[in-house]
Undergrad: 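Encoded as structure tokens, here's the structure I'll be asking about.
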Amino acid sequence: MSASLEHAPLPVTEIRDDAGLGELCVLMKLGEIVLKGSNRKLFERRLHNNIRSSVRDLGDVRLSQRGAGVIILRKRDASDLEIAEIADRMSHVMGVVWVHLVRRVPKDLDAITDVAVRSMADREGTFAVRARRRDKRFEMTSSELAGRLGARIIDAHGYRVNLKHPDNTLYVEVDKDEVFVFTDGIPGQGGLPSGMSGRGLVLMSGGIDSPVAAHRMIRRGLKVDFLHFSGMPFTGPESIYKAYSLVRRLDRYQVGSRLFVVPFGKAQQQLKSAGDERLQIVAQRRLMLKTAEALADDLKAECLITGDALGQVSSQTMTNITALDDAVDLPILRPLIGMDKTEIMDQARGIGTLAISELPDEDCCTMLTPRQVETAAQVGDLRRIERRLDAEELAEYLVTTAQMHKPSFLGEEAPERVDKTRAVATSS
Ligand code: ATP
Ligand code: MG
């Protein structure tokens, strides 16, 4: 899935002598949002807010919506590198399909031609010009404009035209007050603006799968919080550092992420003394889900999200997954359920989480893990264990031990630690 892959930054030094060229700015093409009919305004507002949040540390970045499917970002007196940084950030914002670095040129044919010709210097192979008018009052039709620019590019550089499969494409878009000229672009994330589909709570281990599951649901418009269970006090804090780094990486895709960390070691010990060894893993997962459900209630999250994939490990058989669903009333979304591990790893690489997930840690689940895992856990047996230690009450208690962090991709500042009850009270 190329849409979520990381890309090298756009080349900003394409035109070496850029004196007199138009101002460099960022042009974005939107996808599904264009199809939303009467909801479009709502989607646009959400997307504009998300865009502003992700550049809020970069000063006065101006946003303007052009028609249904195009957004322009400008920053006065910005260096090319600053504009390239804005473009890179936009390639992580959900709902954006393409990101282009563009030259903003006055509506003057000579000026447009000059920028077009210079933008196409030092290319190899064939080319095409694609012109588009959002302002139909422009003096030429789109095809007349493309024809004229094409002829001048041939004069200047001698390239051959290939309209069907060009090696290089020059785009020209005519707006009301200006014209945008550009060549390459990078794919954005696609999907829907985060927050458009409501809120979710991700059960976030330090592993490979859960960050990918989170990314997929953010991409479908959820705004998510994260819940990590550490093995503390019986393990070190390494898994928390990993969860923190993973959330910080994912924060690029939704901005304003919160990570709740619950020390789970003692609860695991209690579970162990309350029941059958072979049922431990599923019993632990159920307690995690119950705790997540209690926290989700405080956070107004409408679903839980896990990285389960059918059959990937013995705790993820169909019977065990059914036994997990039985533990809570909230829907559990499992976006990776039908994926192979190799596909999940490719996506993890693409979204920039794989290297973090592969760092060593001591997962709470490997602690106190039995040699054999029940592949067909019976709900009745699990409920019996839970009655013995009053699992509902334990879940409620575990939520009160949660510590909240805000791993922001924007800052290098030390992790903020906030008491959970305060955090919930002040949450949006
Ligand atoms: P992952 O790579 O996401 O850790 P996994 O292949 O290791 O997944 P499991 O360990 O069985 O699979 O976990 C299944 C799911 O349960 C995870 O994707 C995650 O959503 C949740 N989970 C597991 N361990 C934890 C934890 N320590 N804290 C929060 N959630 C967890
Ligand atoms: Mg795991």
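When a residue number appears, it is its place in the shown sequence, counting from 1. Counting convention: from 1, in listed order, for ligands and their atoms alike.
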Undergrad: Report the part of Leu227 (side chain from C-beta onward, or backbone N, CA, C, O) that has a heavy atom under 4.0 Å from ligand 1; answer both or neither where that applies.
TA: backbone

Undergrad: Taking distance alone, with no angle check, do Phe229 and ligand 1 share an N/O pair under 3.5 Å?
TA: yes

Undergrad: Classify the angle between the aromatic ring planes of Tyr171 and His100 as parallel (below 30°), tilted (30 to 60°) or perpendicular (above 60°).
TA: tilted

Undergrad: Do the charged groups of Lys29 and Glu173 touch, with an N to O distance under 4.0 Å?
TA: yes

Undergrad: Between Tyr253 and His215 (judged by ring centroids, cut-off 6.0 Å), do the two rings come close enough to count as a pair?
TA: yes

Undergrad: Any side-chain to backbone donor/acceptor pair from Asn162 onto Lys164? Under 3.5 Å, distance only.
TA: yes

Undergrad: Looking only at distances, can you tell me whether any N or O atom of Thr306, backbone or side chain, sits closer than 3.5 Å to an N or O atom of ligand 1?
TA: no

Undergrad: I need the contact type for Gln316 against ligand 1. Using non-hydrogen atoms and a strict under-4.0 Å cut-off, is it side chain, backbone, both or neither?
TA: side chain

Undergrad: Taking distance alone, with N or O pairs closer than 3.5 Å, would you say Pro211 contacts ligand 1?
TA: no

Undergrad: At less than 4.0 angstrom from any non-hydrogen atom of Ile208, what atoms of ligand 1 do you find?
TA: 2 (O)

Undergrad: Among Ser245, Ser230, Pro263, find the residue that satisfies the side chain to side chain contact (heavy atoms under 4.5 Å, CB included) test when tested with Ile240.
TA: Ser230

Undergrad: Would you say ligand 1 has an N or O under 3.5 Å from any N or O of Leu203?
TA: yes

